[in-house]
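Pasting a structure below so you can have a look.
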Amino acid sequence: MTDPREPKQAKGVFIKTYGCQMNVYDSERMRDVLRPLGYAPVESADEADLVVLNTCHIREKATEKVYSELGQLKLTKQARGGNLTIAVAGCVAQAEGAEIMRRQPAVDLVLGPQSYHKLPEMIARASRAVGDRLETEFETLEKFDALPKTREADGPTAFLSVQEGCDKFCTFCVVPYTRGAELSRPVDDITMEGRSLAAQGVREITLLGQNVNAYHGAAPALTNEADWTLGQLVRHIAKIGGIERIRYTTSHPRDMDDDLIAAHGEVPEMMPFLHLPVQSGSDNILKAMNRGHTADEYREIIRKVRDARPDIAIASDFIVGFPGESDADFEATMQLVRDVDYAIAYSFKYSARPGTPAAEMFGQMPEEVKDARLQQLQQLLREQQIAFNRSKIGQTVPVLITGKGRNPGQAHGRSPWLQAVHFELPHDQAMTIADLVGSIVDVRVIDASLNSLSGELVKVREAAL
Ligand code: SAM
Ligand code: SF4
């Protein structure tokens, strides 16, 4: 007998994700709310009945990519006589709203990051051609409450959203306008989602937020305590059976408190990796960016974190060519990079975003200057990244197996420092790679490149057997 709860007819949904990990997480949650409606994920727009573009507005190029993708989707929709639903979600949807449907009438739905729980209702309305096709309200708590508390895991690693939005208002950034005010989820809700993920075989959880270390969510109901911090939350999540690794991203230097730093040294599940964006090494530019700290204060935080966890890998984000950035300001950034010595860092040319204070500032920089600075900075960051990866050669490191590698017989996994690791399973190994996904194994690193490590299996640990 068929289960009456099972959807009758499978439809395909293709969700294309742009931008940050928040968007990756939101795409997973959209899949969750669409599943009961009979939508199963497919690999491309060609196989889909519903296409969702989950967009990013952080830089101008990202927005333009969305419009060009929508142009392609319009052609697919026309070729099918209109039988394709096109939805635009994420931060471009939030920022541009109805303008998207005006520029591209083939779009059926536009929904901001706080409205994903309304997606089923909006699809129903669109198919009946009644009601609103635009949802860009800021109701973060409603979104968190309305999304299912448990979710389907997809492999041994997962993101878990603990905080949304941002109140920092860095002068270059659209996030406070597109994602709304900062809001933290209650600890009990996060724990429920974490337990559900662990029960499905998730071993590594990355706690997510635009400003994750500003977390201050309602303490567990039974404790009667005031709001918990991220340090408290991490210690709590570490107690969930099966969760062997915890990460969090993205943090702000101003919210790096002593308890969180101590947790890096005290909680064995806490991975030795910290993504702490600094954006610039110049105090003038940091001030103009409204970052609220100096370059030396940042150096001091890194020193404390390294004291707590000496092998920690430090990652960051940089913006070059911010309005008014002089040669000396840029050199201060290069010096900070030399001083900190990063394992990995992302760097961008400043992109003026309409509505942000920096877009109106004097001293907008010419593209050639931004290009030259970006090249110089990226060269140094690449050298540091390669050196960091090479420093692992000869070490035996614990690797969480996430799947098959590129070549037959090769497994793919993650080191504690978030490096991709490839290694061969010995031919006499009784287990297949599929059996080992989700296990942590010891791998001796024999080579390293810019983006990955390669090694040989030393030992499958007890827990994996
Ligand atoms: N909340 C994080 C923080 O405080 O650093 C970063 C969030 S933002 C989504 C990710 C990165 O995009 C930023 O760290 C910054 O380097 C980059 N970014 C944001 N706005 C930008 C802009 N207008 N131009 C260039 N890069 C930008
Ligand atoms: Fe944007 Fe600054 Fe908030 Fe990060 S802290 S999301 S860069 S406003």
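Side chains included, hydrogens not; waters and symmetry mates left out as well; all remaining heavy atoms used. Start at 1 and go down the list; that is how both ligands and their atoms are numbered.
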Excluding water, the protein N, O or S atoms sitting under 2.8 Å from atom 1 (Fe) of ligand 2 are C173 SG
Checking heavy atoms under 4.0 Å, the part of K168 that sits near ligand 1 is neither
the protein heavy atom lying closest to atom 15 (C) of ligand 1 turns out to be Q279 OE1, 3.4 Å
Check: With no hydrogens and no angle check, is any side-chain donor or acceptor of D167 less than 3.5 Å from a backbone partner on E182?
Finding: yes
- prompt: Looking only at distance, does D317 have an N or O less than 3.5 Å from an N or O of ligand 1?
  reply: yes
Discussion item. I'd like to know whether I243 forms a side-chain contact (heavy atoms from CB on, under 4.5 Å) with R203, so could you lay out the CA-CA distance, the side-chain angles of the two residues, the decisive distance to 0.1 Å, and finally the verdict.
Written reply: CA-CA 5 Å; I243 299 304; R203 296 285 158 263; 5.6 Å; no
Worksheet item: Hey, mind stepping through R247 and M270 against side-chain contact (heavy atoms from CB on, under 4.5 Å) and telling me if it holds?
Response: CA-CA 6 Å; R247 306 179 186 277; M270 188 87 127; over 6 Å; no
Note to self: Under a 4.0 Å threshold between the charged nitrogen and the carboxylate oxygen, would D154 count as salt-bridged to R31?
What the structure shows: no
The reported gap from CZ in R291 to CZ in F172 (rounded to nearest 0.5 angstrom) is 5.0 Å
Atom 22 (C) of ligand 1 sits nearest the protein heavy atom S351 O, 3.6 Å
Short version for F348: what comes under 4.0 Å of ligand 1, heavy atoms counted, is side chain
for atom 21 (C) of ligand 1, nearest protein heavy atom and its distance come out as F172 CD1, 3.7 Å
- Message: Checking T191 against D188 for the side-chain hydrogen bond (donor to acceptor under 3.5 Å, both in side chains) test, could you report, in this order, the C-alpha distance in whole Å, the side-chain angles of both residues, the deciding distance, and whether it holds?
- Response: CA-CA 5 Å; T191 312; D188 284 337; 4.9 Å; no
Taking only non-hydrogen atoms of T250 and a 4.0 Å limit, the atoms of ligand 1 in range are 2 (C)
With side chains defined as the heavy atoms from C-beta onward, is the minimum distance between V445 and V397 less than 4.5 Å? yes
Short version for Q21: what comes under 4.0 Å of ligand 1, heavy atoms counted, is neither
closest protein heavy atom to atom 3 (C) of ligand 1 is R291 NH1, 3.8 Å
Practice prompt. Find out whether H57 and Q94 are in side-chain contact, i.e. whether some heavy atom of one side chain is under 4.5 Å from a heavy atom of the other.
Written response: no
For H252, the atoms of ligand 2 under 4.0 Å from one of its heavy atoms are 5 (S)
shortest atom 12 (O) of ligand 1-to-protein heavy-atom contact is with R59 NH1, 3.5 Å
Report task. Carefully, step by step, assess E47 and S44 under the rule side-chain hydrogen bond (donor to acceptor under 3.5 Å, both in side chains). Result -> CA-CA 6 Å; E47 304 159 63; S44 73; 3.1 Å; yes
Stepwise salt bridge (Lys or Arg N to Asp or Glu O under 4.0 Å) test for E367 and K349:
CA-CA 9 Å; E367 273 315 289; K349 285 191 284 181; 3.1 Å; yes
Show, in sequence, the C-alpha distance, side-chain angles and deciding distance for R102 and E96, and conclude whether the salt bridge (Lys or Arg N to Asp or Glu O under 4.0 Å) test is met.
CA-CA 10 Å; R102 198 194 59 72; E96 307 249 309; over 6 Å; no
For R291, the atoms of ligand 2 under 4.0 Å from one of its heavy atoms are 2 (Fe), 7 (S)
For atom 19 (C) of ligand 1, the closest protein heavy atom turns out to be I58 CG1, 3.3 Å
Discussion item. Under 3.5 Å between any N/O of Q210 and any N/O of ligand 1: does that happen in this structure?
Written reply: yes
Between the OH atom in Y248 and the CG atom in L207, the distance rounded to the nearest 0.5 Å is 10.0 Å
From the list F348, Y350, F330, ring-ring contact (aromatic ring centres under 6.0 Å, His included) with F322 holds only for Y350
Inset, instruction - Would you check the N or O atoms of P277, main chain and side chain alike, for any that come under 3.5 Å of an N or O of ligand 1? - result: no
Note to self: Check E331 with R373, please: is the shortest side-chain N to carboxylate O separation under 4.0 Å?
What the structure shows: no
In ligand 1, the atoms that come under 4.0 Å of a heavy atom of K349 are 24 (N), 25 (C)
A student checking ligand 1 against H252 at a 4.0 Å heavy-atom cut-off should list atoms 4 (O)
